[in-house]
Amino acid sequence: MLVWALFLVACVASGQSEDLTKYVRTDTGSIDGGNTFPGVTWPLGMVKLGPDLENGADSYSGYQPNGNFTGFSMLHESGTGGAPKYGVVSQLPLIGSITNPLDNLHDTRASPDVTEVGYYRSSLGSGIVVELAARTRGGLYRYTFPNGTMDRNIVVDVSHVLPSYRGQGLGQNYLGGQIDIKEDDEQIHYEGYGIYDNGWNRAAPWRVYFCGYFDTPVAYQTFLSDGRTSDVLVEYGNKTTYESAEARLGAVFFVKNTVVQSRVGVSFISSEQACRNIQEQIPAGTSLETVRDMTKSAWNTDVLSKFTTTDTNETMKTQLYTAMYFTSLLPTNKTGENPLWESSEPYYDDIFTFWDTFRCTTSLLHVLQPEAYEEFIRSLIDVWRHEGYVSDARSSNWNGAVQGGSNSDNVMADAFVKGVRGKIDWNDGFAAMVKNAEVTPPNDDDSRDPSGSVKEGRGALPDWIEHGFITPNFTRSVSRAIEYAANDFALSQVAHGLDNATAAAKYLVRSRNWRNQWNPNMTALGHTGFLGPRDLDDFLDQDPMSCGGCYWGDYYYQGLPWEYSFNAHHDIAEIVSLVGGRDRFIDRLEKLFTPGLIDGNAQFGNTMFNPGNEPSFGTPYLYNFVNRQDLSVRRSRHVAKSYYRPTPDGLPGNSDAGAMESWLLWNMIGLYPLTGQTTFLIGSPWFQDLTIHLAEGKELHISSSGGSEERFYVQSMKVNGEDWNKSWLAWADVFENGGTMEFVLGDIPTNWTTGPLPPSPASEGRYM
Ligand SMILES: *[C@@H]1O[C@H](CO)[C@@H](O)[C@H](O)[C@H]1NC(C)=O
Ligand SMILES: *[C@@H]1O[C@H](CO)[C@@H](O)[C@H](O)[C@H]1NC(C)=O
Ligand SMILES: *[C@@H]1O[C@H](CO)[C@@H](O)[C@H](O)[C@H]1NC(C)=O
Ligand SMILES: *[C@@H]1O[C@H](CO)[C@@H](O)[C@H](O)[C@H]1NC(C)=O
Ligand SMILES: *[C@@H]1O[C@H](CO)[C@@H](O)[C@H](O)[C@H]1NC(C)=O
Ligand SMILES: *[C@@H]1O[C@H](CO)[C@@H](O)[C@H](O)[C@H]1NC(C)=O
Ligand SMILES: *[C@@H]1O[C@H](CO)[C@@H](O)[C@H](O)[C@H]1NC(C)=O
Ligand SMILES: *[C@@H]1O[C@H](CO)[C@@H](O)[C@H](O)[C@H]1NC(C)=O
Ligand SMILES: *[C@@H]1O[C@H](CO)[C@@H](O)[C@H](O)[C@H]1NC(C)=O
Ligand SMILES: *[C@@H]1O[C@H](CO)[C@@H](O)[C@H](O)[C@H]1NC(C)=O
């Protein structure tokens, strides 16, 4: 008996320390437009060390499956589109005599790269093997040069940055920098900084500092060009320092050994801090394997172990843990690395963007990493304190770009209504939201939108406040109107919770103004009434099944009128009424999923529904609002199972900083969050058993019986042991104190949702 008991204890102990990183496929979504970052990083880590490849197209995360290596650099984004950002603080190993280090240096790829959590390896055409590991403020390179070669070099080109080929003027620029070679402790190291600007958010010039060490003796030559983009050398020799706002500069290090490690620290504050960062995080003598194992451990502890299952289906577990990984790459925790102001508040950056992440990602970050989430909200409010606005997006310490509404409002309301308090000053939080809702930001003269700010706030606010709708005097007038309405609903929620009845009532009224944009005459496929463009007196002609260019200058940004007309998630009962009632609402939803109705979206069967774009995220679940939960399950399951795979081409679109992966995770959990409300719509869980480990040791247990790939319709369910007949539940039911959800699944749809419909707070005139 005793032996058996000890054995059990050992099993439990080893179960707790199970290495879940083995289920993470770090190359998922890295090709075919997923744009994910396959290199090494920590949860929300500032440093993302990975390869930069050049194949004539934009390398958003640095990575490409083909093309040539131009460097291995410290800062990247993941899953973004628009135009590349970062790809700075680079090294490139090369063999042979380098006559001009400014001359388009590159190497080919000998075999596909190898990636796992905490480790990356590239084999170059020259025979050099590059291995990478990283911590949050610095990284470790290990180079293995082929035996028998002479002239082993590592090139540090401070002007290295990811270029853009899209021709929209969004390419990053190198603007100058510094490099210093220092010899202390018998060891040569280099320090300095680079200055860059632009990229998708048209950032002002920003500066990143670096500090690099080698673990074996090196000789060096520094170099300087005669201009910022020039490959003409003016100096190439043993000078120990260059600083220039005019010229490319850097150093070539000549290494003696065939195996050499380099540790590079990064900072946004100073090169001293970059040196301190690397000495603290990866001290001299640390092996790459040690750093790799620390990274795996951090991923297990901070993220992956938050979900556990006794299910054994490897494919499903791979999808689960891979999706968790990719939802936790951005934003980045840059606390202590804010160069702009002194503050005791945390500092987070690389919000890319709330337009993408407010629906599913931030609500998941709350569940997975509650401490980081509270810090993140505090950091948003601190940006408002010092810069005046919490923007929809931010990167390289610069607000922008805003594609629609001020969706940070939705995120803040979500945190507020779900009880996130801690050290958050919610009076300031609400003031930041009021700023978005009341003060038009100055026009930043971005060519994408001549009519107003793309940097922050709500550019079309003058019309929204004066008329309660948006005229074509402002671009994206219709999609912004529906987003502004949701943003105003977010304000009403927080105002209500702060006992500010006047503001709560005011913004609840404003949250209904999307209705002013409803054109009762727009008609297609037997349906009448859609969100449409209008001027002061009249609606303008508009096809509900077309969004024209669907871009910055159009009425609708990246979504069809048909899709946007479902997007007042705080006012769904009103939509049901406007479209002619329950059956018409269902038919309208069904049309979205009907193949062949439009010319676009060929990869999704020419459906109006686009699983690869965020305005469609909530739509498959809206059947719950008319008690057809079975159809929500059918449609959302189909999307999840058809368009997501744990493979490099396994995403339906750009990951968008983990937005896609977080949608998938909620589908696996069997819930869909309505951000800004406490409501979750109920779907159908994938696992027989899934435990979500919440804050303070609380747990949510989700179980299902009778399910399989074909048997996914909910037959009945219990919440916290009680029979449940609603197609929704609230945060307090299962998250606040933990809880249980027990599903019975089967292959035939049943009408188990006989209880009250999900709330439509703006329709019903209440707060959630
Ligand atoms: C990669 O480099 C090789 C050798 O320099 C060159 O022939 C080839 O054109 C390059 N490929 C691309 C996509 O730049
Ligand atoms: C290079 O030579 C060393 C010493 O002879 C040997 O240990 C190592 O395996 C060789 N490396 C390669 C890549 O062949
Ligand atoms: C100085 O440069 C020469 C090549 O011009 C090189 O051989 C030598 O090793 C360099 N010295 C140092 C200290 O890097
Ligand atoms: C495991 O899950 C995958 C993906 O959902 C599914 O295709 C497969 O049939 C499952 N395997 C078993 C044995 O249930
Ligand atoms: C964010 O970074 C700071 C500074 O390194 C650290 O103290 C804090 O714990 C980090 N937050 C989380 C949630 O890891
Ligand atoms: C649109 O802009 C024009 C030109 O500035 C102005 O005359 C007109 O009043 C504006 N329309 C509205 C609805 O504000
Ligand atoms: C309520 O909110 C409004 C902003 O809409 C603000 O001006 C006012 O001071 C607030 N009232 C109270 C009592 O906090
Ligand atoms: C809808 O069309 C009818 C008939 O043409 C017209 O009388 C009505 O004014 C239109 N309504 C709107 C809001 O444009
Ligand atoms: C559920 O009941 C409604 C009527 O309330 C009916 O329209 C619908 O077809 C039923 N659904 C199923 C799956 O039986
Ligand atoms: C739904 O469940 C509630 C709570 O158990 C119960 O009071 C109510 O009668 C049920 N409604 C229906 C229509 O079964």
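Both ligands and their constituent atoms are indexed starting at 1 by order of listing.
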Colleague: Using the ring of each side chain (for Trp, its six-membered ring), is Tyr621 parallel, tilted or perpendicular to Tyr672, with breaks at 30° and 60°?
Modeller: parallel

Colleague: Could you tell me whether some N/O pair between Glu54 and ligand 1 is separated by less than 3.5 angstrom?
Modeller: no

Colleague: side-chain hydrogen bond (donor to acceptor under 3.5 Å, both in side chains): which pairs involve residues 523-537, sequence neighbours left out?
Modeller: Thr523-Thr528, His527-Arg584, His527-Asp587

Colleague: Quick check on contacts: which atoms of ligand 1 are under 4.0 angstrom from a heavy atom of Thr108?
Modeller: 2 (O), 3 (C)

Colleague: Return the protein residues near ligand 4 (heavy atom under 4.0 Å from any of its atoms), ordered by chain and residue number.
Modeller: Asn313, Thr315, Met316, Lys641, Glu709

Colleague: Just jot down the side-chain contact (heavy atoms from CB on, under 4.5 Å) partners of Leu170, sequence neighbours excluded, or say none.
Modeller: Ala83, Gln168, Trp200, Arg202, Arg448

Colleague: Would you verify whether the NZ or CZ of Arg588 falls within 45 degrees of the ring axis of Phe530 while also being under 6.0 Å from that six-membered ring's centre?
Modeller: yes

Colleague: If the condition is side-chain contact (heavy atoms from CB on, under 4.5 Å), which residues does Val232 pass it with, not counting sequence neighbours?
Modeller: Asp226, Ser230

Colleague: Testing Val129, Ile154, Thr258 one by one against Tyr143 for a side-chain contact (heavy atoms from CB on, under 4.5 Å), which residue passes?
Modeller: Ile154

Colleague: Report the distance from atom CG of Asn519 to atom CG of Asp541, rounding to the nearest 0.5 Å.
Modeller: 8.5 Å

